[in-house]
Amino acid sequence: MQFDQTLLTCLREARHVVVFTGAGVSAESGIATFRDALSGLWSRFDPMQLATPEAFEDDPELVWGWYESRRMQVLGTSPNPGHRAIAELAKRVTQLTLVTQNVDDLHERAGSANVLHLHGSLHQPRCSRCAESFQMPLAPPAEPAEGRRLAPPRCAHCGGEVRPGVVWFGESLPVDALEAAFAAAAGCDLLLSVGTSGVVYPAAQLPHIALQAGAAVVHVNPEPQALGGGREWLLAGPAGEVLPALLAAAWR
Ligand code: OAD
């Protein structure tokens, strides 16, 4: 794989790198993205029936069962070379901030620390009434197939229904994580945007913030991306191949 020398120098000399990831970074671990045609979750399921507070109110068993099936799927997968390359990059640059839209824990399992989860986590459910966090049992009672209903557990504190710890459409993002991500994008020298369609705001603002602040922006994606100018690159290909090759080329 060939890389632009200016880009390699930029990466090697960056004082602060932001890595911004989406579902594509976990695709090679076997986790479906949202918007890829045919395989994407939102081409097979209606987000309005599964990913809004109203959906959970209307049919908590459908929503809880669907998120539990996704959590079980994630527990059965492993980080891929893309996740591992990002953890490795953090050791090579002075400062790295990892911001993800993903609700899996594959970055952490690959060795990344202090990951900013903008859209919450499948592994941190909480009470829908009092927001008390809920400790999931290590082994689930049953493995729900996609779409199977499952009654949500009850909160030990107030008896309310426990809900998935993810951000749904119409909900605010966690303020601390979002502010930290925006500040990192505004102060970085280079932002690597990996495996995201960049259509869900406010998360999708991050590459624009970095560009406006004069940073270089590098997209890693098998699909073509609209590029703004000289400080923006596309590395076309799957993250699990492109990222290890990029590190090897930059620090050969
Ligand atoms: P999308 O499904 O919208 O986009 C996934 C992107 O990954 C696409 O641009 C693909 O071309 C790319 N891709 C696929 N395979 C890849 C690979 N092996 N390597 C690199 N890139 C690959 O997923 P997100 O952008 O993450 O929100 O979606 C953003 C948000 O929309 C999600 O966080 C979720 C969803 O609704 C919430 O859950 C709140």
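For ligands, and for the atoms within them, numbers begin at 1 and follow the listed sequence.
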Looking only at heavy atoms, what is the nearest atom pair of Glu241 and Glu28, with distance?
N-OE1, 4.1 Å
Identify, for atom 29 (C) of ligand 1, the protein heavy atom at the shortest distance, and state residue, atom and that distance.
Gln101 OE1, 3.4 Å
Could you check whether any side-chain N or O of Arg12 sits under 3.5 Å from a backbone N or O of Leu7, counting only pairs where one atom can act as donor and the other as acceptor?
no
For atom 11 (O) of ligand 1, which protein heavy atom lies nearest, and how many Å away is it?
Asn221 OD1, 2.8 Å
Run the contact test for Phe169 against ligand 1 with a 4.0 Å cut-off on heavy atoms, strictly below, and give the result.
yes
Has Pro222 got any heavy atom lying under 4.0 angstrom from an atom of ligand 1?
yes
For Val166 and ligand 1, answer yes if some heavy atom of the residue is under 4.0 Å from a ligand atom, otherwise no.
no
His119 and Thr100: side-chain donor and acceptor closer than 3.5 Å?
no
Is a side-chain donor or acceptor of Asn80 paired with a backbone partner of Gly82 at a separation under 3.5 angstrom?
yes
Under 3.5 Å side-chain donor-acceptor pair for Asp36 and Ser39
no
Nearest protein heavy atom with distance in Å, relative to atom 23 (O) of ligand 1
Ala23 CB, 3.5 Å
Tell me the protein heavy atom at minimum distance from atom 14 (C) of ligand 1, and give that distance in Å.
Asp36 OD2, 3.6 Å
Top protein contact for atom 27 (O) of ligand 1, by heavy-atom distance:
His119 ND1, 3.5 Å
Quick one: do Glu13 and Arg92 make a salt bridge, cutoff under 4.0 Å?
no
Close N or O approach (Gly195, ligand 1; < 3.5 Å)
yes
Donor + acceptor pair across side chains of Gln101, Thr196 (<3.5 Å)
yes
Test of proximity, Val25 against ligand 1: N or O pairs below 3.5 Å
no
With heavy-atom distances below 4.0 Å as the criterion, list the atoms of ligand 1 near Glu223.
11 (O)
I'd like to check which ligand 1 atoms, numbered from 1 as shown, lie under 4.0 Å from a non-hydrogen atom of Glu28.
17 (C), 18 (N), 19 (N)
Donor on one side chain, acceptor on other, Ser112 and His83, under 3.5 Å:
no
Any nitrogen or oxygen of Trp42, side chain or backbone, less than 3.5 Å from one on ligand 1?
yes
re atom 17 (C) of ligand 1, the protein heavy-atom contact at minimum distance is Gly24 O, 3.3 Å
Same cluster (ILVMFWY, side-chain, under 4.5 Å), Leu62 and Val103
yes
Let me confirm one number: the CD-CH2 distance from Glu61 to Trp64, rounded to the nearest 0.5 Å.
12.0 Å
Do any N/O atoms on Ala239 end up under 3.5 angstrom from N/O atoms on ligand 1?
yes
Which residue owns the protein heavy atom closest to atom 1 (P) of ligand 1, what's the atom, and how far is it?
Ser197 OG, 3.6 Å
Counting from 1 in the order shown, the ligand 1 atoms closer than 4.0 Å to a non-hydrogen atom of Pro238 are 17 (C), 18 (N), 19 (N)
Do other residues, nucleotides or ligands put more than 12 heavy atoms under 6.0 Å from the CG atom of Asn114?
no
Return the closest protein heavy atom for atom 15 (N) of ligand 1 as residue, atom name and distance.
Ala27 CB, 3.8 Å
Thr196 N/O under 3.5 Å from ligand 1 N/O
yes
Pull out every atom of ligand 1 sitting under 4.0 Å from any heavy atom of Gly22, numbered as shown with elements.
26 (O)
Report the part of Arg35 in contact with ligand 1, treating N, CA, C, O as backbone and CB onward as side chain, heavy atoms under 4.0 Å; options are side chain, backbone, both, neither.
both
Is there at least one pair of N or O atoms, one from Gln225 and one from ligand 1, spaced under 3.5 Å apart?
no
Where the side chain of Arg163 meets the backbone of Pro125, is there a donor-acceptor pair that is under 3.5 Å apart?
no
Between Thr94 and His16, is any side-chain donor less than 3.5 angstrom from a side-chain acceptor?
no
